[in-house]
Amino acid sequence: MSTTHEGTRTHEAHDDIPVHLSQLEDVVQLISPTGERLSSPGFDPWVDDVSTEQLADLYEDMVVVRRIDTEATALQRQGELGLWPPLHGQEAAQIGSARTLRPDDFVFSSYRENGVAYCRGVTFTDLMRVWRGTAAAGWNPYEVGMATPAVIIGAQTLHATGYALGASFDGTDSVALAYFGDGATSQGDVNEAMVFAASFQAPVVFFCSNNQWAISEPVGLQSKRHLSDRAPGFGIPSMRVDGNDVLAVMAATRIALDRARSGGGPTFIEAVTYRMGPHTTSDDPTRYRPTGELDEWRAKDPISRVAALLESRGAMSDELRSRVEGKADAVARDLRAGCLSIPQPDPMSVFDDVYAEPHSGLERQKGQYAAYLASFENGHGDGAEGGGAS
Amino acid sequence: MSTTHEGTRTHEAHDDIPVHLSQLEDVVQLISPTGERLSSPGFDPWVDDVSTEQLADLYEDMVVVRRIDTEATALQRQGELGLWPPLHGQEAAQIGSARTLRPDDFVFSSYRENGVAYCRGVTFTDLMRVWRGTAAAGWNPYEVGMATPAVIIGAQTLHATGYALGASFDGTDSVALAYFGDGATSQGDVNEAMVFAASFQAPVVFFCSNNQWAISEPVGLQSKRHLSDRAPGFGIPSMRVDGNDVLAVMAATRIALDRARSGGGPTFIEAVTYRMGPHTTSDDPTRYRPTGELDEWRAKDPISRVAALLESRGAMSDELRSRVEGKADAVARDLRAGCLSIPQPDPMSVFDDVYAEPHSGLERQKGQYAAYLASFENGHGDGAEGGGAS
Amino acid sequence: MTAFSTGTVPAAGSMATGSHEAPASVPAATRTMSLAGALNDGLRRSLARDDKVLLLGEDIGKLGGVFRITDKLQEEFGPRRVIDAPLAEAGIIGTAVGLAIRGYRPVCEIQFDGFIYPGFDQIVAQVAKLHYRTRGAVTMPITIRVPFGGGIGAVEHHSESPEAYFAHTAGLRVVSCSNPQDAHTMIQQAIASDDPVLFFEPKRRYWQKGEVNTELGADALPIGEARVLQPGSDVTLVAYGPLVRTALDVAAAAADDGVAIEVIDLRSLAPVDFTTVESSVRKTGRLVITHEAAQSGGMGAEIAASITERCFDWLEAAPARVTGFDTPYPPAALEEAFLPDLDRILDAVDRVLGRRNSLTGWEARA
Amino acid sequence: MTAFSTGTVPAAGSMATGSHEAPASVPAATRTMSLAGALNDGLRRSLARDDKVLLLGEDIGKLGGVFRITDKLQEEFGPRRVIDAPLAEAGIIGTAVGLAIRGYRPVCEIQFDGFIYPGFDQIVAQVAKLHYRTRGAVTMPITIRVPFGGGIGAVEHHSESPEAYFAHTAGLRVVSCSNPQDAHTMIQQAIASDDPVLFFEPKRRYWQKGEVNTELGADALPIGEARVLQPGSDVTLVAYGPLVRTALDVAAAAADDGVAIEVIDLRSLAPVDFTTVESSVRKTGRLVITHEAAQSGGMGAEIAASITERCFDWLEAAPARVTGFDTPYPPAALEEAFLPDLDRILDAVDRVLGRRNSLTGWEARA
Ligand SMILES: Cc1ncc(C[n+]2csc(CCOP(=O)(O)OP(=O)(O)O)c2C)c(N)n1
Ligand SMILES: Cc1ncc(C[n+]2csc(CCOP(=O)(O)OP(=O)(O)O)c2C)c(N)n1
Ligand SMILES: [Mg+2]
Ligand SMILES: [Mg+2]
């Protein structure tokens, strides 16, 4: 195979992506991977009020959503779900941010924020609908303050901006929080969302879960700079935090929410974390993940460091352990039961909810299809094998 | 009229746009508005070689393209052109950048870079075709190293990135230069172009002519920060120069070209200038332009400052003046003649060049239309008034 | 649909067989308006009626839009109701989606037809699908106004007819007005609809004048219904937007020739009011459809196919389409060749009537 | 079109009336391949044949694409020929436009049908129009590969059929392959074409196997032509992409019932090879068209309308369409209801045959 571009001087192959971008540098960290409480003057005050009990609750949440992940993955392997996008490794990023929100805030997420959905109070049945393939989305956004997840990468960031604008028009101090991945930052929509949010000073928080990968593409292919470096050029202040550190995430989110609530406009948060599982249950990361990378990040596990911190505070009791285990077991049971309880939709429901108001064209198709289905009962079904006279 | 959002605390009306953004601050300037040669250590070396004679040539170019603008506007007023987008005020930005390019570089522009087209050697006839409404584009891009202008705002920035990538693959040191406006920076395409250019380290220069307005929208509506602040977050170095200063523009463009040629990847240049005319001949800027703004910018005219600098160097002779006037007069004559010489296209040519290879569907439509036209000669034309038996 | 009634007015039926000009007896609230002016007044009324209505677009504020459709509305309602947006169509539509989720009824202006494509994803993947996706929990009462069509001598991207893309997209409603009265009522109906509406405005008819009953409220013809503008027994001629006026001219010319054309202003392109077209074609047995958009896969294809399904036994000839060619919209000097006009439509009328000299001969030769 | 011939092979004619499985006498260069494998091999040959061919897309490098269509190609040709692009479809298409202007022949992969819309503007306003805009000076030999259609139990946006949008866009060519042999030759033909080609791959047939003559060069059926897969005199059944296999099943079932169906694999959606469809319908007098895309404004509308124009006097019944409904693509549990299948197509066959029990009765009642 000959190519014409041997000796090209400017183009560099992708494997020269600066390694430092996949490392935890330049990040705010309040809990070290080994569980030490580090201090960071700008951030500490925002989590001073987090008591050891509350830390234990956060620990519980993280264990629970990891268990949700494990159970859903198992359900997928057992053929009960069509697909599951694991959040394994991103528990601190999801719990630390979602637990700082008020019920009247509104979340706009991607498909991966199932831990956030748990925090918002989405039922297990609703959580499973999409992945079981029975509905395009699981829950009523208004009941939980969380939009149905966007599959089109980045689209939800503009929705969050619009929602935030509306909330400010309404004179409330509700905030919209948009979750998206590192890969999403390359999409026009996400950049336009920053333009609009800055222009309108909309009370929106852009929460980027930089889990190092967009399916098989490393973050260095999307950006040569830290993703948090992007926002200031749009006029949006940003923070880069250890996304595996639940307190750092919490502090950053609180700073951003406070700014938004008090009229300071949008903030961008890059939570540096790691997708420890496959992109989805359909993915095989061994095709692209460098050896050793997973182990490296296992050492930075978001849950074990909180456990260690609790331990160091003498709060990691058997009682806590068993409470958390019990809760996780119960959740797993409820999740499975919720999943299996989801009924198959009626075929005729394929026509439901396309429009809010009657639509003559669709009504006609619906009528035709109903007549067609009914015709099977009238013996038309074997028309195929010779039901009618020609 | 009652509204629900009285008392909203976060949303600020657009009239609070920071005024400084429309001012010439934080810019590199090598010639002051009054014609002084200012020094700027990082930029001076890049224009040290520009002799007084060359400065006079640049002066000539600017006068000529302003005359092109005046003549084309007149042609439009006289009904000879359908539309004209004046470049009045942006002469230094266009000449200073375009005159630094090599023939083997490639320009990707918007509709307003008619001065650039002049520098690239586009004939006057070709320059006028689009605006006379006889063709979708005027010239063969490969003959002049300039793509046909993009009307879809920002689309050309991605084309420039792709072209630059191809040029680097080919082992050349040709550079692609993309012109676009301040308004264009809000489009997803322009931001994606920065993502791709940075990721591929493509030899492309992003040249943003910040003329303060996108039709009626002031630049402050698009961005709360200097536009040049945007690029670094994408990993692209940027410069902000006085776009009415032909030497500053030239220096910045040379720096960017040199970086691109030597494998340093993309650069973003914000040329701060002003659209002294309407958006196009269809526009009425008095509906939105603050009083005084035009006068303020007249004082920063790009041509008069070069004239003053030449004057101070004793080079503004009567001979130069009359040479330049003569050239401008000749160009205006040629432009008008070129414009008026453009033939009306044959109706059947509406089918030309849709595809590069034969297309059965279009061939059929073409045949039908030819038969239809021919039918008028056969008396079908009065079918309307009763030509055929029913 | 939110309440939309501001007074009693002549029954819609009285419009149904009238021309697109004023009905014979002019009611009290009737004023002469251009189509552009009617849209402006319709928008003003929608803004006044419902605080949740917002306008969002490029240059719609101080400038009043490049066609002045939003003229003076920012002055009247303030910059929070009539919002100049940054220059990005996906941004405009996506922001409108978020506003709609929050309970607003955004009206987006796309400056020209050819600039809607950067917003295409947000329209077809979000606006069109959110009600379905959320199983009815979220409505998308978004109106997307698009000045469309050619005939104004413009440069590229300023004369396109992209309606078929949206009519093929489930979840959207697509309409087009053809006269000041409809412009006035339909824009208000579109904004009041809980479904997203692509609202195509025939830009070359913006300055066409007509009588407008400004109080036509609940009695107005529903937005989804076609209108028989002129009855006729020989041929059904279906048009919408800019070509409705041309279609009426065709009918007048044909009448001189003894051919009675029934002219239908389609008004709604999704859904199409096939009931009205069907009953006309069952009467005439002949159908001609005209639009500016390219022929292949245009609205004409759907109408021809559906009417053939519904009226096969009534048809005397294959439905004929008179459309733009399957080319990009040409430069101004060629738009006369490109655009369907009186002669080309009359030629198709001849064809469905089986007359000599029509393109039927060509078809047979092909 | 750049030269594309690597050897002499059986005349295309021998394929024209065969099934989509291997022809009876298997030539030397024939191998059993999946449709996915055939595409992979076709891409490999295109890369090897012409240095200007580049692949550009998300996850196409090390991963080989989510469907592994580009498996091992980056390893073989290097990261400058097989390029993982940042996650942005407009960026991918727009970059390809620039590469094409520079003389390259980019092949873009869109990961799933539903992700093409962010690139829509670059496709319809740039890729489709640049040759016209530049009066032929610039060619756009870009191939845009799109795995499309449903039936794989996927989540939203992963099962769509957006082909009609592109078939309505002047300047583009649109094709779809239905079997490994066509996948292998058509992808190479598309890449060799100087026009932009939207290349729709029937993702639920990726793993369908068949015999592939890998040396079918200049003798292959031209990319713009339809193929009669099975002759028949009673009804013409037109399908493309994923439903071709279903159509063959329909023909087999109908044959048992004494009905001879002529199955046409359309292959090219823009332009449509109406000559082939027309001569079939003039023989059978009856036409059924099937596709997964929504009915309104889908390919079926254009085919029904055009064939009615061309074959009005030959038609015994209105052309029937069996399509997806005018709804968003539904969740997996409902796709069986949504997708045209054997029974629904047979029902339409009954309808055009005027049989009792078919929906003809319903139509009359409606
Ligand atoms: C517009 C669009 N293009 C492509 C895809 C296919 N896709 C799904 S997830 C994904 C990667 C997203 O990466 P990132 O944003 O980092 O989020 P993560 O999956 O890592 O959470 C891609 C390319 C999509 N869903 N939408
Ligand atoms: C996608 C798109 N949207 C809208 C327009 C309409 N339009 C034409 S020029 C223009 C303003 C452009 O402003 P800017 O980028 O600052 O360039 P300038 O005209 O000032 O040179 C707009 C909105 C367009 N051409 N393309
Ligand atoms: Mg990621
Ligand atoms: Mg500008």
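Everything quoted here is computed from the prediction, not taken from an experiment.
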Visitor: With only heavy atoms counted, which part of Phe115(D) is less than 4.5 Å from chain C, the side chain, the backbone, both or neither?
Guide: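 Neither part.
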
Visitor: Once rounded to the nearest 0.5 Å, what's the spacing between atom CG of Asp121(D) and atom CZ of Phe120(C)?
Guide: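 If we round to the nearest 0.5 Å, Asp121(D):CG and Phe120(C):CZ are 11.0 Å apart.
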
Visitor: About how many Å separate OH of Tyr117(D) and OH of Tyr117(C), when rounded to the nearest 0.5 Å?
Guide: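 Here the interatomic distance stands at 15.0 Å.
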
Visitor: Let me know if Pro271(D) has heavy atoms under 4.5 Å from chain C in its side chain, its backbone, both or neither.
Guide: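 Contact with chain C involves no heavy atom of Pro271(D) at all.
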
Visitor: Go through the atoms of Glu160(D) and report whether side chain, backbone, both or neither lie under 4.5 Å from a heavy atom of chain C.
Guide: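 Contact with chain C: side chain only.
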
Visitor: Relative to chain D, which of Thr275(C), Leu315(C), Ile303(C) shows the most heavy atom pairs under 4.5 Å?
Guide: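 If we count pairs closer than 4.5 Å to chain D, Leu315(C) comes out on top.
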
Visitor: Need one label for Ala167(D): side chain, backbone, both or neither, based on atoms under 4.5 Å from any heavy atom in chain C.
Guide: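 The backbone, not the side chain.
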
Visitor: Against chain D, work out which of Arg321(C), His157(C), Gln122(C) has the most heavy-atom pairs shorter than 4.5 Å and name it.
Guide: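 Sorted descending by pairs with chain D, the first entry is Arg321(C).
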
Visitor: Please classify the contact of Glu316(C) with chain D as side chain, backbone, both or neither, using a heavy-atom distance under 4.5 Å.
Guide: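 The backbone, not the side chain.
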
Visitor: Which one, Pro331(D), Pro328(D), Ala304(D), leads in non-hydrogen pairs under 4.5 Å with chain C?
Guide: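 Ranked by contacts with chain C, first place is Pro328(D).
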
Visitor: Check whether Ile307(D) gets within reach of chain C through its side chain, its backbone, both or neither, counting any heavy atom under 4.5 Å.
Guide: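 Neither part.
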
Visitor: Is the shortest side-chain N to carboxylate O distance from Arg351(C) to Glu309(D) below 4.0 Å?
Guide: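 Salt bridge between Arg351(C) and Glu309(D), a charged N being under 4.0 Å from a carboxylate O: no.
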
Visitor: Which of the residues Ala305(D), Ser306(D), Cys311(D) is involved in the greatest number of heavy-atom pairs with chain C at under 4.5 angstrom?
Guide: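 Highest number of heavy-atom pairs under 4.5 Å: Ala305(D).
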
Visitor: Nearest 0.5 angstrom please: Thr308(D) OG1 to Phe312(C) CZ, how far?
Guide: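 Reported value, rounded in 0.5 Å steps: 7.5 Å.
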
Visitor: Just so I understand: if I count every heavy-atom pair under 4.5 Å between each of Pro319(D), Pro162(D), Ala317(D), Ala164(D) and chain C, which residue has the most?
Guide: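 Maximum pair count with chain C is reached by Ala317(D).
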
Visitor: Looking only at heavy atoms and a cut-off of under 4.5 Å, which of Glu89(C), Gln295(C), Arg133(C) has the most pairs with chain D?
Guide: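 Of the candidates given, the most pairs with chain D belong to Arg133(C).
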
Visitor: Would Lys129(C) and Glu156(D) count as a side-chain contact (heavy atoms from CB on, under 4.5 Å) here? Give the steps.
Guide: CA-CA 10 Å; Lys129(C) 296 193 172 76; Glu156(D) 215 189 341; 3.6 Å; yes

Visitor: Any chance you could lay out the side-chain contact (heavy atoms from CB on, under 4.5 Å) test for Thr169(D) and Tyr165(C), step after step, and finish with the verdict?
Guide: CA-CA 9 Å; Thr169(D) 305; Tyr165(C) 296 127; 2.6 Å; yes

Visitor: Judged by atom type as modelled, is there a donor-acceptor pair below 3.5 Å linking the side chain of His168(C) to the main-chain atoms of Ser296(D)?
Guide: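 At least one qualifying donor-acceptor pair exists.
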
